[in-house]
Amino acid sequence: MSEVLANISAMLQKGKRKDVARLCQQAIDEGLDANVILTDGLLAGMDVIGAKFKANEIFVPQVLVAARAMKAGSEVLKPYLAGDDASGKGKIVMGTVQGDLHDIGKNLVIMMFEGKGFEVIDLGVDVPTEKFIQTAIEEDADIIGLSALLTTTMPVMAEVIKAAEEAGIRDRVKIMVGGAPVTKEFAESIGADAYTEDAPSAAEKALELISA
Ligand code: B1M
């Protein structure tokens, strides 16, 4: 692996926000592909953080500073990750479900959606179920995108789908779900229209849903 990518991963793990941003720019200037920098630099670093967090080798404060460094790096990559598709593909209301504060994956998915020409309304984290429904109605959204990182908040996705049915919008709004603990089987069991494992495939799937 290139030295700059290894350095991005190492600095992210140390939570060195400014260094991560600087190194991401350096990697871009060296001609590396933004997707490669994201995967082999930033996400590689986050993987190590995730494993150490799980093993109780590091704790919430260290994870938080790494998350901030991840954000700083992705901001640098954002313009380069965006595709060249024209805008106007459709409207997506996106958020992390109620009770869940994880937003790194959601933000990456949003970047990819925007790169494919979708207009995205980002509701943020810990989004009440009614907020998804109300915004989808007000904005006449084509897709609701739900992210959940906790096994305890995954069931909230089912509540959003149920609320969409009750509000009478289920036939005109597609619902996509994702997040580390979410599986295809789970998505099918709650009646979601689509599940994807990562951000690039989420954007591809959204295009498919819109054109179907
Ligand atoms: Co949290 N956390 N966390 N955490 N955290 C996990 C999720 C955990 C797996 C760590 C562990 O124990 N191994 C664990 C959950 C266990 C479980 O549920 N079974 C956990 C826990 C327990 C907790 C707390 C309860 C810890 C505590 O307080 N004791 C707490 C909960 C707070 C809450 O939400 N109410 C908590 C808090 C935090 C921080 C605030 C410190 C921080 C979040 C900061 C932030 O997001 N701004 C944090 C982090 C960073 C993590 C880990 C380490 C990394 C998550 C991440 O950002 N990954 C995580 C460990 C792990 O996942 N391995 C962990 C990188 C990101 C790019 O991936 O979000 O999966 P991800 O997104 C991917 C795909 O999943 C997909 O695309 C993305 C990009 O490819 N995707 C979609 C995501 N959404 C999608 C939507 C789609 C399609 C694809 O369609 C709409």
Side-chain angles (χ1 to χ4, degrees), residues 9 12-13 15 17 34-35 37-75 77-78 81 90-116 118 120-127 132 136 141-157 160-161 173-184 186-187 190 192-210:
S9 168
L12 182 143
Q13 291 169 52
R17 192 164 41 94
N35 282 299
I37 304 169
L38 175 67
T39 308
D40 295 345
L42 296 175
L43 289 176
M46 264 334 270
D47 277 349
V48 178
I49 288 291
K52 287 188 173 168
F53 188 35
K54 190 172 184 184
N56 287 324
E57 287 171 28
I58 57 167
F59 302 95
V60 169
Q62 289 104 313
V63 180
L64 262 181
V65 286
R68 286 197 196 118
M70 167 89 203
K71 193 168 181 207
S74 1
E75 286 297 325
L77 299 185
K78 191 173 178 180
L81 286 169
K91 214 181 251 188
I92 303 181
V93 171
M94 176 87 188
T96 304
V97 297
Q98 189 152 36
D100 201 319
L101 301 174
H102 296 84
D103 69 356
I104 298 173
K106 168 188 72 68
N107 294 340
L108 283 178
V109 173
I110 288 176
M111 265 187 220
M112 299 294 173
F113 280 155
E114 289 176 340
K116 288 285 176 199
F118 287 98
V120 183
I121 297 147
D122 181 6
L123 297 180
V125 298
D126 192 16
V127 180
F132 282 109
D142 302 288
I143 296 176
I144 296 177
L146 305 173
S147 185
L149 262 288
L150 300 170
T151 45
T152 47
T153 56
M154 273 165 63
V156 180
M157 294 173 150
V160 177
I161 293 176
V173 115
K174 301 286 183 194
I175 302 188
M176 297 182 65
V177 297
V182 181
T183 60
K184 191 167 182 289
F186 174 78
I190 61 170
D193 295 297
Y195 155 79
T196 63
E197 199 183 349
D198 58 30
S201 48
E204 293 295 337
K205 194 72 193 176
L207 280 180
E208 266 177 47
L209 288 176
I210 287 288

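Every number for a ligand or one of its atoms is a count from 1 in the order of the listing. The analysis underlying the following values was restricted to heavy atoms, covering all of them including side chains, and did not include hydrogens, waters or symmetry mates.
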Nearest heavy-atom pair of [X] and [Y]: which atoms, and what distance?
| X | Y | answer |
| --- | --- | --- |
| M112 | L38 | CE-CD2, 4.1 Å |
| A187 | Y195 | CB-CB, 3.5 Å |
| V120 | E114 | CG2-CG, 3.8 Å |

Is there at least one pair of N or O atoms, one from [X] and one from ligand 1, spaced under 3.5 Å apart?
| X | answer |
| --- | --- |
| G99 | yes |
| K106 | no |
| V109 | no |

Hey, does [Y] have a side-chain heavy atom less than 4.5 Å from the side chain of [X]?
| X | Y | result |
| --- | --- | --- |
| V177 | F186 | no |
| I121 | K91 | yes |
| I143 | I210 | yes |
| Q13 | K52 | yes |
| L146 | M176 | no |

Protein contact to [atom] [nearest heavy atom, distance to 0.1 Å]:
| atom | answer |
| --- | --- |
| atom 71 (P) of ligand 1 | G105 CA, 3.9 Å |
| atom 45 (C) of ligand 1 | D103 OD1, 3.4 Å |
| atom 22 (C) of ligand 1 | L150 CD2, 4.2 Å |
| atom 41 (C) of ligand 1 | V60 CG1, 3.6 Å |
| atom 53 (C) of ligand 1 | G50 CA, 3.7 Å |
| atom 56 (C) of ligand 1 | M46 CE, 4.2 Å |
| atom 77 (O) of ligand 1 | A199 N, 3.4 Å |
| atom 88 (C) of ligand 1 | T196 OG1, 3.4 Å |

- Task: Would you mind telling me which of L149, T151, L150 makes a side chain to side chain contact (heavy atoms under 4.5 Å, CB included) with T153?
- Result: L150
- Message: I need the single residue from I49, V65, L108 that forms a side chain to side chain contact (heavy atoms under 4.5 Å, CB included) with M70. Which is it?
- Response: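 It is L108; the other options fail the test.
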- Item | Sub-4.0 Å heavy-atom contact, E197 with ligand 1 | yes
- Message: Looking at ligand 1, would P181 count as a contact under a 4.0 Å heavy-atom criterion?
- Response: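 No.
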Whether [X] side chain and [Y] backbone form a donor-acceptor pair below 3.5 Å:
| X | Y | answer |
| --- | --- | --- |
| E75 | A72 | no |
| D198 | S201 | yes |
| D142 | G90 | no |
| S147 | G179 | no |
| D100 | A148 | no |
| D103 | V125 | no |

Which atoms from ligand 1 have a heavy atom of [X] less than 4.0 Å away?
| X | value |
| --- | --- |
| G179 | 75 (O), 81 (N), 82 (C), 83 (C), 84 (N), 85 (C) |
| M176 | 91 (C) |
| D100 | 34 (O) |
| G145 | 91 (C) |
| A180 | 70 (O), 75 (O) |
| K54 | 13 (N) |
| S147 | 83 (C), 84 (N), 85 (C) |
| L43 | 67 (C) |

Please check if a non-hydrogen protein atom sits closer than 4.0 Å to [atom].
| atom | answer |
| --- | --- |
| atom 17 (C) of ligand 1 | yes |
| atom 3 (N) of ligand 1 | yes |
| atom 91 (C) of ligand 1 | yes |
| atom 85 (C) of ligand 1 | yes |
| atom 8 (C) of ligand 1 | no |
| atom 50 (C) of ligand 1 | yes |
| atom 24 (C) of ligand 1 | no |

- Message: Apply salt bridge (Lys or Arg N to Asp or Glu O under 4.0 Å) to residues K106 and D122 and explain how you reach the verdict.
- Response: CA-CA 9 Å; K106 168 188 72 68; D122 181 6; 2.9 Å; yes
May I ask you to identify, for [X], whether its side chain, its backbone, both or neither come under 4.0 Å of ligand 1 on a heavy-atom basis?
| X | value |
| --- | --- |
| V182 | neither |
| L108 | side chain |
| L146 | backbone |

- Message: Judged on heavy-atom distance to atom 37 (C) of ligand 1, which of K71, K52, H102, M112 sits nearest?
- Response: H102
- Between the candidates L149, I104, T153, which shows the shortest non-hydrogen contact distance to atom 69 (O) of ligand 1?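 Ranked by closest heavy atom to atom 69 (O) of ligand 1, first place is L149.
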- Can you tell me if NZ on K71 sees more than 12 non-hydrogen neighbours from other groups inside 6.0 Å? no
- Message: Check E204 with K116, please: is the shortest side-chain N to carboxylate O separation under 4.0 Å?
- Response: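 Yes, K116 and E204 are salt-bridged.
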